[in-house]
Amino acid sequence: MAAEPVMMALAAGAVGGLLGVLLGRYAGRRAARHPSSPHSANPAGARPAHALHEPDIGERLEMALEATGAAVWDADLVAGTCWWSDTFPRMLGYRTRPAMPPDFWERRLHAEDRERVLAHIASHLAGETSAYAYSYRLRHEGGGWVWIAAKGRAFRDDTGRAVRYAGIMTDITEARRQEERLRASEERLLKIMEAAPIAVNVTTRDGRWLFCNAQSVRLMGRDRSELMRTPVTDLYADPADRAALIARFDREGAFRNAEIRFRRPDGSVVWVLSSWNSIELDGEAALLTWLYDITDRKAAESAMIQAREEAEQALADLREAQESLIQAETMASLGQLVAGVAHEINTPIGIGLTAASHIGEQAQVLRDRFTGNALRRSEFLEFLDGLSESSRLLMANIDRAASLVQSFKQVAVDQSSGDRRVFELGGYIQELLFSLRPRLKRTNLRVAVECDDELTMDSFPGALGQVLTNLVINAVVHAYGDGDRAGDRGGDRLVEKPVGTIRITAQADGAERVRIDFIDDGAGIAPEHLSKVFDPFFTTKRGQGGSGLGLHIVFNTVTGPLGGSVSVQSWPGQGTRFTIQLPREAPAIEPAVTAEPVLG
């Protein structure tokens with residue numbers, strides 16, 4: 001066991017005088033056992049004081065070298081000889097000990113290491129260093145190279161001249177391979193981190209930088225040296241954010257995707273998703289953070305929010321404008337009704353006024369003749385006959401005017417007030433058409449109404465009147481082209497009035513519903529326009545008085561307050577059919593418009 005501290009010292013590189021003595025004695029022992037060895041001469045083996053201990057020390061040294069895979073050498077600079085342990089050739093791939101001349105080691109030295117290693121040895125032998133340690137490559141007997149780590153020292157005489165040097169060699173080939181693999185792995189990892197689109201940082205809790213990759217440099221808008229000098233807290237748009245993140249990390253541990261703002265030197269703000277974890281770098285506890293740039297996403301979100309708000313405002317403005325236009329269209333329709341009825345009332349009132357004037361004039365003539373005692377019986381009887389006829393004309397035309405006024409009053413009140421009431425459907429349709437006579441008189445169109453007797457509804461007659469009025473005007477203008485005509489005469493030429501038949505049929509559809517069909521035999525609707533007829537502002541008469549709201553109002557009114565549905569079918573050149581299905585009792589609360597127009 002006495003040799004074990006010595007061997008540990010050898011393995012650690014503590015090669016001193018004791019190593020020289022041991023190697024000298026071991027060399028003498030090996031020379032005695034191998035008389036044919038070229039190293040049989042060894043003066044150190046002649047010391048009798050140590051003869052009793054030589055076998056133990058040598059055997060233990062040999063066992064230590066075998067166990068550690070190390071080899072030792074002892075060079076006599078004066079005699080020009082060198083001795084190697086048996087483990088040295090085995091280290092180089094020899095199964096048996098080969099002939100080992102003094103240049104055996106130097107001839108196997110790698111060419112790239114030769115100059116460096118020999119210069120290192122020469123420097124030490126010249127007394128420039130107290131010991132030497134270096135690594136190099138030796139050629140393996142089976143091909144390839146073996147990496148060797150060598151440690152040793154020179155022994156000098158009284159004058160300081162190196163007379164002997166010895167040392168230990170260790171095979172570090174596998175260790176060098178592992179180091180190379182580790183170095184290559186570290187280089188690959190560093191390249192990956194440098195090329196990563198995510199910023200990777202290692203910092204201390206107090207804000208010192210230990211590592212940052214290229215993306216961190218780009219993200220923060222600073223060069224690497226400046227960034228590494230800048231305290232981490234100074235990079236945050238709000239320095240309190242870092243304190244909050246550290247508090248969260250202490251509370252929750254590793255976390256991901258916290259949205260944080262950093263400020264660049266130019267004042268611009270960078271939004272990132274920040275993820276945190278802990279790491280140990282070079283023995284120091286640190287914080288590992290990943291930063292993913294979401295500045296573009298934040299800008300897009302902000303632009304999207306702004307665009308959405310602008311779109312919502314535009315939609316609200318559009319709806320308000322649409323409601324205003326619809327109201328204006330309704331009022332315009334009511335205005336047309338007023339104008340038409342006023343025109344119709346003018347005739348009976350004019351006839352009544354004429355009849356009344358005639359009665360007054362004849363009464364004055366009769367009074368004058370009576371005062372002058374010139375009144376004859378025949379004249380008086382003639383006056384009575386004229387009075388009777390004038391009275392009849394006056395009563396008939398006043399009654400007609402009263403009927404027109406009553407019809408107008410009911411339709412106008414219904415269309416303007418929107419009140420709900422119970423009404424007889426057939427009679428209401430007739431009243432409505434009566435109010436439209438002024439418009440229809442300018443055409444040769446015939447309107448036929450077919451309605452079940454005593455078919456009543458509890459609904460909104462004004463809304464229904466608006467629907468039928470719009471359908472009639474739409475047919476006159478679009479189906480029969482009356483919108484393209486200026487009147488009965490165009491300049492000096494006679495303009496042909498549109499001719500055709502509009503049929504309105506109304507019938508019960510079960511006990512709870514009513515079906516109204518509005519059919520014309522006009523031009524029909526082009527297939528490419530059929531799906532758009534209920535869209536707001538769609539018209540084929542743009543610039544000719546068409547607003548594009550007539551059928552849109554029909555759709556909204558039928559599906560809204562009337563609580564029904566409307567569909568359209570058309571055959572170009574043959575006509576169009578609008579089918580309206582309504583509940584006989586309208587909904588109590590106006591429903592939201594969710595229905596879609598049905599096209600045929």
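Residues A286 and T203 come closest through the heavy atom pair CB-O, 3.4 Å. Between S531 and E528, the closest heavy-atom pair is OG-O, 4.4 Å. Across every non-hydrogen atom of E379 and A374, the tightest pair is OE1-O, 3.7 Å. Shown here for P583 and M457, the closest heavy-atom pair between the two residues is O-CE, 3.6 Å. The two residues I279 and L287 come nearest to each other via the heavy atoms CG2-C, 4.3 Å. The two residues G575 and S570 come nearest to each other via the heavy atoms O-OG, 3.4 Å.
Atom CD1 of residue I504 and atom CG of residue L425 lie 10.0 Å apart, to the nearest 0.5 angstrom. Atoms CD and OG, on E585 and S459 in that order, are 9.5 Å from each other to the nearest 0.5 Å. Atoms CG and CZ, from L440 and R446 in turn, are 12.5 Å apart once rounded to the nearest 0.5 Å. For the atom pair CD1 of I359 and CG of L366, the computed distance is 12.5 Å after rounding to the nearest 0.5 Å. To the nearest 0.5 Å, the span separating CD on Q569 from OG1 on T576 amounts to 10.0 Å. Between atom CD of residue E424 and atom SG of residue C451 there is a gap of 6.0 Å, rounded to the nearest 0.5 Å.
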Item to check | Step-by-step side chain to side chain contact (heavy atoms under 4.5 Å, CB included) determination, F518 to V467 | outcome: CA-CA 11 Å; F518 185 95; V467 168; over 6 Å; no
Checklist entry - Should L245 and T289 be marked as a side chain to side chain contact (heavy atoms under 4.5 Å, CB included) after you check the CA-CA gap, both sets of side-chain angles, and the distance that decides it? => result CA-CA 11 Å; L245 291 175; T289 59; over 6 Å; no
Next on the checklist: Checking F578 against V554 for the side chain to side chain contact (heavy atoms under 4.5 Å, CB included) test, could you report, in this order, the C-alpha distance in whole Å, the side-chain angles of both residues, the deciding distance, and whether it holds?
Outcome noted: CA-CA 10 Å; F578 289 90; V554 168; 5.8 Å; no
Checklist entry - Do E259 and L273 pass the side chain to side chain contact (heavy atoms under 4.5 Å, CB included) test, and can you show the C-alpha distance, the side-chain angles, and the key distance before you say yes or no? => result CA-CA 5 Å; E259 292 189 357; L273 291 178; 3.5 Å; yes
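Heavy-atom contacts from other residues, nucleotides or ligands closer than 6.0 Å to CD of E512 number 12 or fewer. Under a cut-off of 6.0 angstrom, the local environment of CZ in R222 is crowded, with over 12 non-hydrogen atoms contributed by other residues, nucleotides or ligands. The neighbour count for F380 CZ, taken as heavy atoms of other residues, nucleotides or ligands under 6.0 Å away, does not exceed 12. The environment of R377 atom CZ is sparse: at most 12 non-hydrogen atoms of other residues, nucleotides or ligands sit within 6.0 angstrom. Applying the 6.0 Å contact sphere to CZ of F383 captures more than 12 heavy atoms from other residues, nucleotides or ligands.
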Identify every side-chain donor-acceptor pair in residues 299-312 under 3.5 Å, counting partners at least two apart or on other chains, and give the distances.
from, atom 1, to, atom 2, distance (Å)
E301, OE2, R297, NE, 3.3
Q306, NE2, E310, OE2, 3.3

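Here R392 pairs with E389 in a salt bridge; the nearest charged N to carboxylate O distance falls below 4.0 Å. A salt bridge does not link R584 to D458: none of the charged nitrogens lies less than 4.0 Å from a carboxylate oxygen. Taking a cutoff of 4.0 Å between a charged side-chain nitrogen and a carboxylate oxygen, D517 and R503 do not qualify as a salt bridge.
Contact of the L464 side chain with the I580 side chain is not registered, since no non-hydrogen atoms from C-beta on lie closer than 4.5 Å. C212 places a side-chain heavy atom less than 4.5 Å from the side chain of L227. In this structure, V533 and H478 have side chains that are not in contact, with every pair of non-hydrogen atoms separated by 4.5 Å or more. Between T579 and R515, the closest side-chain pair of non-hydrogen atoms falls below 4.5 Å. For the pair L384 and S388, the minimum side-chain heavy-atom distance is 4.5 Å or more.
Between the side chain of W290 and the main chain of I198, no donor-acceptor pair closer than 3.5 Å is present. The backbone N or O of A258 sits nowhere less than 3.5 Å from a side-chain atom of R248 that would complete a donor-acceptor pair. A distance-only check finds no donor-acceptor pair linking the side chain of D452 to the backbone of Q507 [under 3.5 Å]. The backbone N or O of N257 sits less than 3.5 Å from a side-chain atom of S275, completing a donor-acceptor pair. Distance alone, capped at 3.5 Å, places no donor-acceptor pair between the Y292 side chain and the P197 backbone. Looking only at distances, a side-chain donor or acceptor of R264 sits under 3.5 Å from a matching main-chain atom of L219. Under a 3.5 Å cut-off, the side chain of T295 and the backbone N or O of W271 do form a donor-acceptor pair.
Applying the side-chain hydrogen bond (donor to acceptor under 3.5 Å, both in side chains) test to S268 and every residue at least two apart in sequence or in another chain returns D266. In terms of the side-chain hydrogen bond (donor to acceptor under 3.5 Å, both in side chains) criterion, residue partners of W276 (sequence neighbours excluded) are, by chain and number, S274.
Residues Q364 and R367 bring no donor and acceptor atom of their side chains to less than 3.5 Å of each other. A donor and an acceptor atom, one from each side chain of S216 and N213, are located under 3.5 Å apart.
When each of L436, D520, T443 is paired with V476, the side chain to side chain contact (heavy atoms under 4.5 Å, CB included) condition holds for T443 and for no other. Among F423, F460, F434, the one residue that satisfies the ring-ring contact (aromatic ring centres under 6.0 Å, His included) test with Y428 is F423. When the options V568, D535, V566 are evaluated for a side chain to side chain contact (heavy atoms under 4.5 Å, CB included) with F555, the one that passes is V566.
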